[in-house]
Amino acid sequence: MSQATQTDDVREDGTISRISGPVVTATGLDARMNDVVYVGDEGLMGEVIEIEGERTTIQVYEETSGVSPGEPVENTGEPLTVDLGPGMLDSIYDGVQRPLTVLEDQMGAFLDRGVDAPGIDLERTWDFEPSVEVGDEVGPGAVLGEVEETITIDHKVMVPPDALDEGETAEVTGVESGSFTVEETVVELDTGAEISMRQEWPVREPRPTVDKRTPRIPLVSGQRILDGLFPLAKGGTAAIPGPFGSGKTVTQQSLAKFADADIVIYVGCGERGNEMTEVIEDFPELPDPKTGNPLMARTCLIANTSNMPVAARESCVYTGITIAEFYRDMGYDVALMADSTSRWAEAMREISSRLEEMPGEEGYPAYLAARLSQFYERAGYFENVNGTEGSISVIGAVSPPGGDFSEPVTQNTLRIVKTFWALDSDLAERRHFPAINWNDSYSLYREQLDPWFEDNVADDWATLRQWGVDTLDEETELQEIVELVGKDALPEDQRLTLEVARYIREAFLQQNAFHDVDRYCPPEKTYAILGAIKTFNDEAFDALDAGVPVEEITDIDAAPRLNRIGTEEDWEPMVEQVEENITQQLRELY
Amino acid sequence: MKEYRTITEISGPLVFAEVDEPISYNEIVEIETPSGDTRRGQVLETADDIVSIQVFEGTEGIDRQSSVRFLGETMKMPVTEDLLGRVLDGSGNPIDGGPDIVPEERRNIVGAAINPTAREFPREFIQTGVSAIDGMNTLVRGQKLPLFSGSGLPHNELALQIARQATVPEEESEAAEASDRPSGDGGEPRGGEEGSEFAVVFAAMGITAEEANEFMDDFERTGALERSVVFMNLADDPAVERTVTPRLALTTAEYLAFDHDYHVLVILTDMTNYCEALREIGAAREEVPGRRGYPGYMYTDLAQIYERAGRIKGEDGSITQIPILTMPGDDDTHPIPDLTGYITEGQIYVNRDLNSQGIKPPIQVLPSLSRLQDEGIGEGLTREDHADVQAQLYASYAEGDDLRALENIVGREALDERQNRLLDFADRFEEEFVDQGFDTTRTIDETLDTAWDLLSMLPEDDLYRIDEDYIETYYGESEQVEATADD
């Protein structure tokens, strides 16, 4: 958490009059909505969420056992903010941007309360390389120089967007170069502004931009079913709903590992401690597919596990997206994974019910839909105030109770997001992973992304995909008949279609997230695998037309090798060879 | 310490009292009834002039003249290594007639969250000796893996079987870790079996005396009681007390694991009763209910229990949790199993159909899952072919199980050879792989060999989930052995 520093206008402190779990009521506190306050003798951090006459209601970000009425409440007079500056990547924070590694040093393995630490290291020095000179005119958001934040990412030092009015420019009157802490001034402007590497920004307020554009570049994920059938755009939004055990977290983690974003913000919101630990252990060892550097060099983790205080869970998605916006302002493509937005919604519900607000659907507060859409609207492909372009893609996992997609969080999310990856427990049960249901899922970005795939991967990308989708659709229809009368009652061509569809499912849609090779599939390979199945399809139907019985066609031993392409590192010759063998063996039959 | 005789309202498990000094949130309270009974409770909400108190032992006999004493501290569990071998009630008082407990320390029962950066990811295979778990949904040390069961199913037998048989095949796993993770993350020697012993913390919440006896008899018969701490809140004990029982148990478990290096297996049964108690309190407080009347904060509350499993870097001990819950109406979308499934690292389904077929243990593997197994299985940890074999068993069994519906409609004759084979496979999988009895333990090698026996009835081409090298090594091998043995 940023040190919400005391401002000049001194505000009255109050005293606690009532405590009910994470909700504390204070009297005599002169505060604005969303001001950060310190509660009780231990100084537990909290936020003002309701003001009613003399009574101020506060949600406390820490456990409140042992706190009594009569203890003081100290107001900082500032809203909940995050510290923005170099050092956020390769870090792991809790929901209010307290660095967890620092907390571990301070209080050991268990999270105690009342401990605060700055979000970015104030002692550490960075080598600042200015890109402006004295006399240059700069506007809001302008890039003044760079520091190497990690081996992968050059961190751009910018004029804070609120330091100048929109359209206003200022002259640079002083520039430093060399080694500085984040608080030291590196550039001075003629407005008197002294600019350091550190900015503060209130988490609930989007950072300004100039324009939001239609996204036309895919966020390549390395997952065949996603890139191939349901692509997400850079700057797009996606939801992954699914019952427990259907693979939300594995899918989110695969995206965090392999998506071709510059920066990844991974928000573990109310999920399992061991899962976050896995991320913390794995990411430093895994290479970033884009640069080969450690994955953590482009990643910022926010971990507010399910047993950490509920109010901090409510704020963690905001902390995450504000950090994402900061890197977007530098012109980077940022991907934010929120796992899971349902836990965030539940945190809202819990706080709301303690406030005794009138509940909406299923006990969720009436403002649930508004909060969700405000959050997802912070995603997009933007023109930044400094003229650069950057994007934030948001992928939100949803955990619907009982796997029922008609519940409020799923429904309100679907109204906003344009990509829907529906996880399916039936598929998960038969260990078809990723368990994304190809009938229910959709991506509204398909058409606007096709040109990119056609230019960069293959001319007939869209045609081939359509063939795959049609085959799968046909299979679904045929399966209904098979369930009634059995496979043998179908005509031969339909039985062959079922066989082809089976290869699409097994060789193309399924992907092993735990296999060293298969876990990342570049779009070229995605195309090639589907292409190889299409070759089998075409050759097989030719053979069938020539009078070869379907049993003989499906019996050729080259076809099952389609299933092994995914795990093959040197896939190009293999695809060629498999296609050749299939063609040869099928043609030998007639 | 001040005494109040200011009770204004008594409603269900709640007592409201006026106060004139600040009372802390969650503070412990003693209420003395006119007849001289002392009841314990906890402050649920506190304001300047009034507090609401949840009374653990029931509010019967409390009247407005009863005296209320605030003890000035939150609830603590007296912990000591001497708790091993003791039987306590749901509030932590000894009921086995043994000596008083001399605590080494008194710990706050609301455990603090483990910092995710301080956790060590669980990857030590626990061999439960149950094929359906070891082979299909492997348990690892530090995991929380609940049993999703229903009324009248043998979940207790299964839990006891696990508690009895669980071992960690030592040498193997350590050699593997050394080769697998040369970076030596954390720098601590893993396992550390020399200094670490196994202990069981058993917390019963609202189970019947008969069920409790079953557990106790088994503990005594196998001598397990000596290394166990038992907390007993029986069906006729106060319901509200159940909300603290698992916290007392887990505080004890944390003490044993992280102060005394024990590998602790915590069995919590039955979590359904715990959630009912939570709902009772919520209703008494007139809270806005969530789904099916359960409080909106049940997810957070359950997480505060389940998340107290795990391993910590630099500590030799560990906490592995096996919570048991009976799904009302066998419905896993009911809020209790649903929220549990979202928190725990997988689940094991105990299935009614398999039970009526006489399969022991009646574990339905298809919806069961162990999320942490991927790093706990494989070469050196269990066996090189484990992951592939498991994936293939799942795929083939699921396909065979699907075909049963079709078989019911069109009959077996209408199905082709491959389908018939898969149907046989599914039957044999249940009869030979899953059904092993509650008293048999199988090593992981035995489990996997049984699996290969079954897989060898399928043609090699159908084993598309298995690496070709493993097929070469293991396929049909045991059959051949049998064949030669028959000669």
Side-chain angles (χ1 to χ4, degrees), chain A residues 17-21 63-71 92 100-101 103-104 108-112 244-245 272-274 276-278 280-281 285 303 305-308 310 343 346 349-350 353 356 359 362-363 399 401-404 425 429-431 483-488 506 514 557 560 563, chain B residues 22-27 45-48 74 108 110 112-122 142 183 185 287-291 296-297 299-300 303-304 307 310 312-313 333 335 338 341-343 345-347 366-367 369 372 374 391 394-395 398-399 405-406 409-410 414-416 461 464:
Chain A
S17 64
R18 177 172 167 264
I19 302 155
S20 166
E63 224 271 310
T64 53
S65 283
V67 178
S68 317
E71 290 184 25
I92 166 160
L100 287 172
T101 41
L103 297 191
E104 189 190 346
F110 291 90
L111 288 167
D112 215 339
F244 60 79
R272 303 175 181 90
N274 279 329
M276 286 318 296
T277 306
E278 186 180 18
I280 298 165
E281 286 187 9
E285 286 173 23
T305 58
S306 54
N307 56 338
M308 282 156 76
V310 69
R343 306 293 161 233
E346 279 164 11
R349 174 167 73 181
E350 194 172 328
S353 108
E356 296 173 5
E362 287 192 22
S399 320
D404 170 16
S425 54
E429 273 184 24
R430 65 192 63 200
R431 301 304 190 258
E483 271 169 34
L484 292 177
V485 297
K487 204 170 170 181
D488 293 337
E506 287 171 3
F514 300 101
D557 61 8
N563 287 335
Chain B
I23 302 298
S24 310
Y25 177 65
N26 271 351
E27 197 171 318
E45 189 170 324
T46 169
D48 288 333
T74 53
N108 193 338
V110 183
I114 303 177
N115 187 330
T117 58
R119 276 182 188 268
E120 180 163 317
F121 192 74
S183 56
D185 50 319
E287 290 169 342
V288 180
R291 276 209 307 154
Y297 49 79
Y299 178 81
T300 308
Q304 280 165 353
E307 277 289 331
I312 293 180
K313 277 183 213 157
T333 66
D338 191 50
Y342 276 121
I343 304 164
E345 285 132 356
Q347 65 280 329
L366 291 177
L369 173 72
L372 299 185
D374 297 296
Y394 262 112
E399 212 176 333
L406 187 58
I409 301 171
V410 299
L415 301 177
D416 65 23
D461 272 352
Y464 57 93

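Source: prediction; values computed, not measured. Each chain gets a letter, A, B and so on, in the order its sequence line appears, and its residues count up from 1.
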Among [options], residue most engaged with chain A (heavy-atom pairs, under 4.5 Å):
| options | value |
| --- | --- |
| A414(B), G346(B), A303(B) | A303(B) |
| I409(B), N108(B), I343(B) | I343(B) |
| A391(B), A395(B), A398(B), P367(B) | P367(B) |
| Q347(B), E27(B), E399(B), E287(B) | Q347(B) |
| V410(B), L415(B), I23(B) | I23(B) |

Query raised in the report: Charged N to carboxylate O under 4.0 angstrom, R291(B) versus E362(A)?
Result: no
Verify, without hydrogens or angle tests, whether [X] (side chain) and [Y] (backbone) share a donor-acceptor contact under 3.5 angstrom.
| X | Y | result |
| --- | --- | --- |
| E346(A) | V310(A) | no |
| R119(B) | A109(A) | no |
| K313(B) | T117(B) | yes |
| S306(A) | R272(A) | no |
| R18(A) | T46(B) | no |
| R343(A) | Y299(B) | no |

Leading residue by heavy atom contact count with chain B [cutoff under 4.5 Å; candidates [options]]:
| options | value |
| --- | --- |
| G363(A), P69(A), G273(A), G21(A) | P69(A) |
| E429(A), E356(A), R431(A), E71(A) | R431(A) |
| I280(A), N274(A), N563(A) | N274(A) |

Once you round to the nearest 0.5 Å, how far does [atom1] of [X] lie from [atom2] of [Y]?
| X | Y | atom1 | atom2 | value |
| --- | --- | --- | --- | --- |
| E104(A) | I312(B) | CD | CD1 | 9.5 Å |
| E278(A) | D374(B) | CD | CG | 8.0 Å |
| D557(A) | D461(B) | CG | CG | 7.0 Å |

Please flag which part of [X] lies under 4.5 Å from any non-hydrogen atom of chain B: side chain, backbone, both or neither.
| X | answer |
| --- | --- |
| P359(A) | side chain |
| S17(A) | both |
| I19(A) | both |

Which answer fits [X], side chain, backbone, both or neither, if we ask what part of it has an atom under 4.5 Å from a heavy atom of chain A?
| X | value |
| --- | --- |
| L369(B) | both |
| Q304(B) | both |
| A405(B) | neither |
| L366(B) | both |
| T74(B) | side chain |
| E345(B) | both |
| E307(B) | both |

**Report entry** Residue pair L103(A) / N115(B), side-chain heavy-atom distance below 4.5 Å
**Finding:** yes
